[in-house]
Amino acid sequence: MHRRGFLAASLATVLASPRALAQMKTDGMSNMRGMDHAGHDMGAMGQGPVALPQNQPLRELPLLANEAAGPGLFKARLTAESATARFAADRDTPILAYNGISPGPLIETQEGDRVEITFANRIEGEPSTIHWHGMPVPADQDGNPMDPVAAGADRVYAFDLPEGSAGSYWYHPHPHGRTAEQVYRGLAGAFVVKAKADPIPAAYGDTTLFLTDLRLAADGSMPENTMTDMMNGRVGDHVLVNGQKNPRLAVAMGTKRRLRLYNATNARFLRLAFVNAAMTLIGSDGGLIEAPVAADEILLSPAERVELVVAFDKGTATLTTLDYDRGWMGPGRPEDKGLALLTADVSDTQAEPMPPLPERLRPIARFGQPTVSRRLVFTETMAMKPTGMEMGFLINGMAFDMGRIDIVAKAGDTELWEIVNQADMDHPFHLHGTQFQLIERERDGKVSKPPYLAWKDTVNVARGETVRLVTRQERPGTRMYHCHILEHEQLGMMGVIDVQA
Ligand code: C2O
Ligand code: CU
Ligand code: CU
């Protein structure tokens, strides 16, 4: 059994002392409120979450239009700015949006394409960037916190998508100290790179389901992060699919659909099941796996993606959440099982017969023997300082420092990374600039190998667990790695790797 460690013990002490609690405040967390209530802001009067309309037809994400004249080039503009959304029927919510909408427009390109996207930062008074999560783009085009785009400024992000890079990526801001807030206020979108020769039957369609997490105060606004949010990561009151709560999808009996599921929440772990429909896993963060795998449930930690084929041949089917214990700190653990995220109405009329899924999807190259190995230890700390309570989310004992290089690597080297979680919470580990392969997981001395090979850029490292992965950076430059609970990233659980040519 994993023992509850330092943060849990310190937190227990703090919670036992109301005076300490009242004093709790932390440097660099100016937006934080005390933890004198459950931390979950239930609206101004405390009468529970604002109700959202449900059961509306599922909206496909609007596509970002390609302004390029010829083939092989994708050219567009993304403007980040304040906007107003209507989540609840009768009140406005101020949000941040890309091109006026949240989630942002779906970017769809093909492997081999060149991409040129002009980013216009029109967020008042805040720097931002666009990070292309999971994508093989040059380091200086990847929206690092070291390359901010000032409020009011424009910049062009340009990169070529190599052959074989088809996958389910996404884009979101990555400015220093502001990523968590800009994302929960609405800035995130899906970026799908399509394969030139796609083995998945076109008859299955291709639908992106972008999952986000919303908390609304009684007046329709989004409350700022509380102490509980900073500690656990912000978990909202409503999980939305393409911006909608429990929308409905109409399909004919016998339909198979290809679905890309994104966990674009700041901090919510989604253990998912499809009640009354069979799921087959066909892809991970970085594209198709080698062969389809039947799946009863899928754990999608923050920032992870999967591609599924879902067979609707029984009747009404529901994408629902199951219970998952990710090591919640303090009071206010959200109810996370039994949320209906999407409901499929399956008609009695039989669909046209669907072509079968091929037995092999694509080969995945194995890495050779690693020549370098690294060990990253994740810890949490909490200390009473004269200025108030200070929490630390650390990698190898250090909090993020933009001016410090934590790892120097060489482009083209195959590396073994060992991520050791000695903390009390699960931490989804993410590495920029490349995709990696999971080798094994170890917990309480028990080693388990993954059942299939997959390209990943984010992997959950459960509390007390060690994850070993193999990776290679092909391009020189500075890259980030961090916990993708965005509040933890903000509090220091991030490092810098300098890849040299
Ligand atoms: Cu999704 Cu450092 O990013
Ligand atoms: Cu990333
Ligand atoms: Cu974390």
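Note that ligands are numbered from 1 as they come in the structure, with each ligand's atoms numbered from 1 the same way.
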*Asks:* When you compare the side chain of Ser82 with that of Glu124, does any pair of heavy atoms fall below 4.5 Å?
*Replies:* no
*Asks:* Atom 1 (Cu) of ligand 1 is nearest to which N, O or S atom of His133?
*Replies:* ND1
*Asks:* Using a 4.5 Å cut-off on heavy atoms from C-beta on, say whether the side chain of Glu111 contacts that of Lys196.
*Replies:* yes
*Asks:* Would you say His430 reaches atom 1 (Cu) of ligand 1 with an N/O/S atom under 2.8 Å?
*Replies:*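 His430 does not place any N, O or S atom closer than 2.8 Å to atom 1 (Cu) of ligand 1.
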*Asks:* Can you tell me if Arg305 uses its side chain to pair, donor with acceptor, with the backbone of Ala303 under 3.5 Å?
*Replies:*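 Here the side-chain-to-backbone pair exists.
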*Asks:* Rounded to the nearest 0.5 Å, what's the gap from CE on Met494 to OG1 on Thr179? Could you check?
*Replies:* 6.5 Å
*Asks:* What N/O/S atom of His488 is the closest to the Cu ion (ligand 3)?
*Replies:* ND1
*Asks:* Verify the distance test for His172 against atom 1 (Cu) of ligand 1: any N/O/S atom under 2.8 Å, yes or no.
*Replies:*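 Checking atom 1 (Cu) of ligand 1 against His172, an N, O or S atom does fall under 2.8 Å.
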*Asks:* Is the centre of the Trp170 ring less than 6.0 Å from the centre of the His484 ring?
*Replies:*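 Between Trp170 and His484, the centre distance is under 6.0 Å.
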*Asks:* How about Arg326 and Ile485: do any of their side-chain heavy atoms sit closer than 4.5 Å?
*Replies:*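 Result yes, sub-4.5 Å side-chain heavy-atom pair found.
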*Asks:* Can the ring centroids of His482 and His488 be said to lie less than 6.0 angstrom from one another?
*Replies:* no
*Asks:* To 10°, measure the NE2(His174)-atom 2 (Cu) of ligand 1-NE2(His432) angle for me.
*Replies:*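 Between NE2 of His174 and NE2 of His432, at atom 2 (Cu) of ligand 1, the angle is about 100°.
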*Asks:* Would one find an N, O or S atom of His484, in either backbone or side chain, under 2.8 Å from atom 2 (Cu) of ligand 1?
*Replies:* no
*Asks:* Between the Cu ion (ligand 3) and His427, which N, O or S atom of the residue is the nearest one?
*Replies:*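 Going through the N, O and S atoms of His427 one by one, ND1 ends up nearest to the Cu ion (ligand 3).
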*Asks:* Within His131, is some N, O or S atom less than 2.8 Å away from atom 1 (Cu) of ligand 1?
*Replies:* no
*Asks:* Would you say His484 has an N, O or S atom lying under 2.8 Å from the Cu ion (ligand 3)?
*Replies:* no
